[in-house]
Student: 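What follows is a structure written as structure tokens; I'll ask about it next.
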2 protein chains.
Amino acid sequence: MQQNQAAAELMTLRDREYKCGIDVTLALVGGKWKASILWHLAQETMRFSDLQRQFSDTTRKMLTQQLRELEMDGLVHRKVYPQVPPKVEYSLTEQGRTIFPILEMMCDWGRNYAQTGSQA
Amino acid sequence: MQQNQAAAELMTLRDREYKCGIDVTLALVGGKWKASILWHLAQETMRFSDLQRQFSDTTRKMLTQQLRELEMDGLVHRKVYPQVPPKVEYSLTEQGRTIFPILEMMCDWGRNYAQTGSQA
DNA sequence: TGTCGTGGTTTCCAAAAAGGTACTGTGTTT
DNA sequence: AAACACAGTACCTTTTTGGAAACCACGACA
């Protein structure tokens with residue numbers, strides 16, 4: 001019963017209300033690519049073209065869209081170098097780094113499930 | 001670079017392929033209600049009508065749909081009592097319980113983000 | 001002058017997820 | 001005989017996501 005001590009009040013995020021912290025977390029990283037993007041950025045700062053290579057099965061549009069949202073949510077930092085051709089580097093913010101332990105556990109759990117759980 | 005040691009091979013789940021454990025995890029609990037359902041069931045076994053009360057802003061249809069998928073994925077156990085009116089109890093399986101630490105972290109992180117992170 | 005590379009944006013369309021409403025089955029109670 | 005309780009199912013619509021293809025800006029370079 002987590003309600004009792006810490007949450008009767010709703011949480012607000014981008015004009016939506018959530019009852020539970022889990023829903024907030026999923027709203028931030030639950031998209032099809034966001035969690036993976038954060039995971040990869042946790043390993044190293046990457047240029048847009050690096051991300052395109054890593055996520056070769058998505059489109060530029062999706063990548064920029066997800067990155068913009070992560071940036072607005074304060075999880076990712078976008079650094080533009082005033083050059084031609086353009087150079088843009090993406091990295092995690094302090095805030096973004098705090099979610100790493102969760103991503104790590106999700107990665108392990110999912111991998112383990114795929115190996116053993118699905119045929120249990 | 002998590003690729004190097006543990007994953008070059010793809011993981012398969014319900015006829016889809018995933019490169020990363022994170023994506024597997026999200027496929028299983030990334031739905032709009034699934035993680036919360038698991039979270040509540042981790043606290044206590046619940047009847048369908050209990051869940052309806054907890055998730056009063058969704059429909060019976062969505063609940064059954066999500067529960068069926070969680071059941072198929074081996075995370076939730078469905079026990080039917082042969083009575084009239086019907087009685088059906090939902091609880092976590094062993095497998096389902098293993099995800100609890102992740103849910104707990106997501107709950108804390110999300111709650112913390114909602115309080116402090118969004119105005120940082 | 002024309003082409004290249006990077007990091008996008010725009011428009012349009014398809015697929016997937018979520019939601020609404022009505023209907024069902026069946027013992028028990030009134 | 002009618003209504004109720006519980007746990008659904010069926011059918012259809014709406015909303016949200018994801019994706020394909022084309023276009024853009026701009027300096028460098030041949």
Side-chain angles (χ1 to χ4, degrees), chain A residues 13-20 22-23 26-37 40-41 45-73 76-91, chain B residues 13-20 22-37 40-41 45-73 76-91:
Chain A
L13 182 66
R14 290 203 233 108
D15 301 333
R16 299 202 183 178
E17 307 213 307
Y18 301 90
K19 287 187 194 166
C20 175
I22 292 179
D23 297 331
L26 280 178
L28 290 169
V29 305
K32 188 165 178 185
W33 307 103
K34 285 184 181 177
S36 290
I37 289 173
H40 282 279
L41 291 182
T45 294
M46 294 175 94
R47 297 184 57 167
F48 187 78
S49 51
D50 296 330
L51 286 164
Q52 271 193 91
R53 265 182 290 281
Q54 272 298 329
F55 297 91
S56 56
D57 48 351
T58 187
T59 57
R60 275 189 302 285
K61 195 199 94 176
M62 285 310 297
L63 269 184
T64 38
Q65 201 176 94
Q66 307 286 297
L67 286 165
R68 285 291 183 286
E69 290 181 19
L70 289 170
E71 192 193 355
M72 287 193 314
D73 293 332
V76 156
H77 176 68
R78 176 166 177 268
K79 179 169 184 183
V80 181
Y81 293 80
Q83 301 179 353
V84 170
K87 175 177 175 182
V88 179
E89 276 183 355
Y90 290 93
S91 56
Chain B
L13 182 64
R14 289 201 234 106
D15 300 333
R16 298 202 182 177
E17 307 214 306
Y18 301 90
K19 287 187 194 166
C20 176
I22 292 179
D23 297 331
V24 174
T25 303
L26 281 178
L28 291 169
V29 306
K32 188 164 178 185
W33 308 103
K34 285 183 181 176
S36 291
I37 290 173
H40 283 279
L41 291 182
T45 293
M46 295 175 92
R47 297 184 57 168
F48 186 78
S49 51
D50 296 329
L51 286 164
Q52 270 191 92
R53 265 182 291 281
Q54 273 297 329
F55 297 91
S56 55
D57 48 352
T58 189
T59 58
R60 275 190 300 287
K61 200 203 90 178
M62 284 309 297
L63 269 183
T64 36
Q65 201 176 95
Q66 306 288 298
L67 286 165
R68 285 290 183 286
E69 290 181 18
L70 289 169
E71 192 193 355
M72 288 193 313
D73 293 332
V76 157
H77 176 67
R78 176 167 176 266
K79 178 168 185 185
V80 181
Y81 293 81
Q83 302 179 352
V84 171
K87 175 177 174 181
V88 179
E89 277 183 353
Y90 291 93
S91 56

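Bear in mind the structure is a predicted one, so any value in this text is a computation, not a measurement. Order of the sequence lines fixes the chain letters, A, B, ..., with proteins taken first and strands second; residue numbering starts at 1 for each chain.
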Student: Do the side chain of Arg60(A) and the base of dG8(C) come within less than 3.5 angstrom through a donor-acceptor pair of N or O atoms?
Tutor: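 Counting by modelled atom types and ignoring angles, a donor-acceptor contact under 3.5 Å is found here.
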Student: Tell me: CZ of Phe48(A) to C1' of dG5(C), nearest whole Å?
Tutor: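 In whole Å, dG5(C) C1' and Phe48(A) CZ are 13 Å from each other.
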Student: Whole angstrom is fine here: how far is it from CD in Gln52(B) over to P in dG19(C)?
Tutor: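 Between P of dG19(C) and CD of Gln52(B): 14 Å.
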Student: Nearest whole angstrom, please: distance from the C1' of dG20(C) to the CG of Asp57(B).
Tutor: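 Checked: the CG to C1' distance equals 15 Å.
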Student: Could you check whether any side-chain heavy atom of Val80(A) comes within less than 4.5 Å of a side-chain heavy atom of Lys87(A), counting everything from C-beta outward?
Tutor: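 Answer no - side chains too far apart.
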Student: Tell me what Lys32(A) touches on the nucleic acid: a base, only sugar-phosphate, or nothing, going by heavy atoms under 4.0 Å.
Tutor: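 Sugar-phosphate: the residue Lys32(A), judged by heavy atoms under 4.0 Å, touches backbone atoms but no base.
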Student: Once you round it to whole Å, what is the distance between P of dT6(C) and CG of Leu51(A)?
Tutor: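 The distance from CG of Leu51(A) to P of dT6(C) comes to 14 Å, rounded to the nearest Å.
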Student: Which nucleotide, dG5(C), dG19(D), dG7(C), lies nearest any side-chain atom of Thr59(A)?
Tutor: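 The answer is dG19(D).
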Student: Here's a test of your reading of the structure: between Pro85(A) and Thr58(A), which maps to the more 5' nucleotide of DNA chain D?
Tutor: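 Its nucleotide being nearer the 5' end, the pick is Thr58(A).
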Student: Sub-3.5 Å donor-acceptor pair from the side chain of Thr64(B) to the main-chain atoms of Lys61(B), do we have one?
Tutor: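 Yes; judged by distance alone, with no hydrogens or angles, the pair exists.
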Student: For a 4.5 angstrom cut-off between non-hydrogen side-chain atoms, does Leu26(A) reach Lys34(B)?
Tutor: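 Leu26(A) does not reach Lys34(B) side chain to side chain.
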Student: What's the closest nucleotide to the Arg68(A) side chain, out of dG8(C), dA5(D), dT16(D)?
Tutor: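 Among the listed nucleotides, the one closest to the side chain of Arg68(A) is dG8(C).
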Student: Could you check which of dG8(D), dA10(D), dG19(D) has an atom nearest any side-chain atom of Lys61(B)?
Tutor: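 The listed nucleotide nearest to Lys61(B)'s side chain is dA10(D).
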Student: Specify the separation, in whole Å, of atom CD of Glu69(A) and atom P of dT9(C).
Tutor: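 Distance check: Glu69(A) CD to dT9(C) P gives 12 Å.
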Student: Nearest of dA18(C), dA5(D), dA20(D) to any side-chain atom of Gln66(B)?
Tutor: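 Looking only at heavy atoms from C-beta outward on Gln66(B), the closest nucleotide is dA18(C).
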Student: It should be established whether Tyr81(B) places a side-chain nitrogen or oxygen under 4.0 Å from OP1 or OP2 of nucleotide dG27(C).
Tutor: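 So the side-chain polar atoms of Tyr81(B) never come under 4.0 Å of the phosphate oxygens OP1 or OP2 of dG27(C).
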Student: Nearest to the side chain of Arg47(B), heavy atoms from C-beta on, is which of dC6(D), dG19(D), dG7(C)?
Tutor: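 Within the option list, the nearest is dC6(D).
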Student: Taking CE from Met46(A) and P from dG7(C), how many angstroms apart are they, rounded to a whole number?
Tutor: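 Nearest whole value for this atom pair: 12 Å.
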Student: I'd like to check Leu41(A) versus Leu51(A) (side-chain heavy atoms, cut-off strictly below 4.5 Å). Are they in contact?
Tutor: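 They are in side-chain contact.
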Student: Which sits closer to the 5' end of DNA chain C, Gln65(B) or Pro86(B), going by the nucleotide each is nearest to?
Tutor: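 Checking each residue's closest nucleotide, the 5'-ward one belongs to Gln65(B).
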Student: Just say parallel, tilted or perpendicular for the rings of Phe55(B) and His40(B), cut-offs at 30° and 60°.
Tutor: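 Phe55(B) and His40(B): perpendicular rings.
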Student: With respect to the side chain of Arg78(B), which nucleotide from dG18(D), dA7(D), dG5(C) is positioned closest?
Tutor: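 Of all the options, the side chain of Arg78(B) is nearest to dA7(D).
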Student: What nucleotide among dG5(C), dG7(C), dT9(C) has an atom nearest to a side-chain atom of Thr64(A)?
Tutor: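 Output: dT9(C).
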Student: To the nearest Å, how far apart are Gln83(B) CD and dT29(C) P?
Tutor: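 Rounded to the whole Å, the gap is 12 Å.
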Student: Give the rounded distance in Å between these two atoms: CG of Leu63(A) and C1' of dG19(D).
Tutor: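 My rounded result for the distance is 12 Å.
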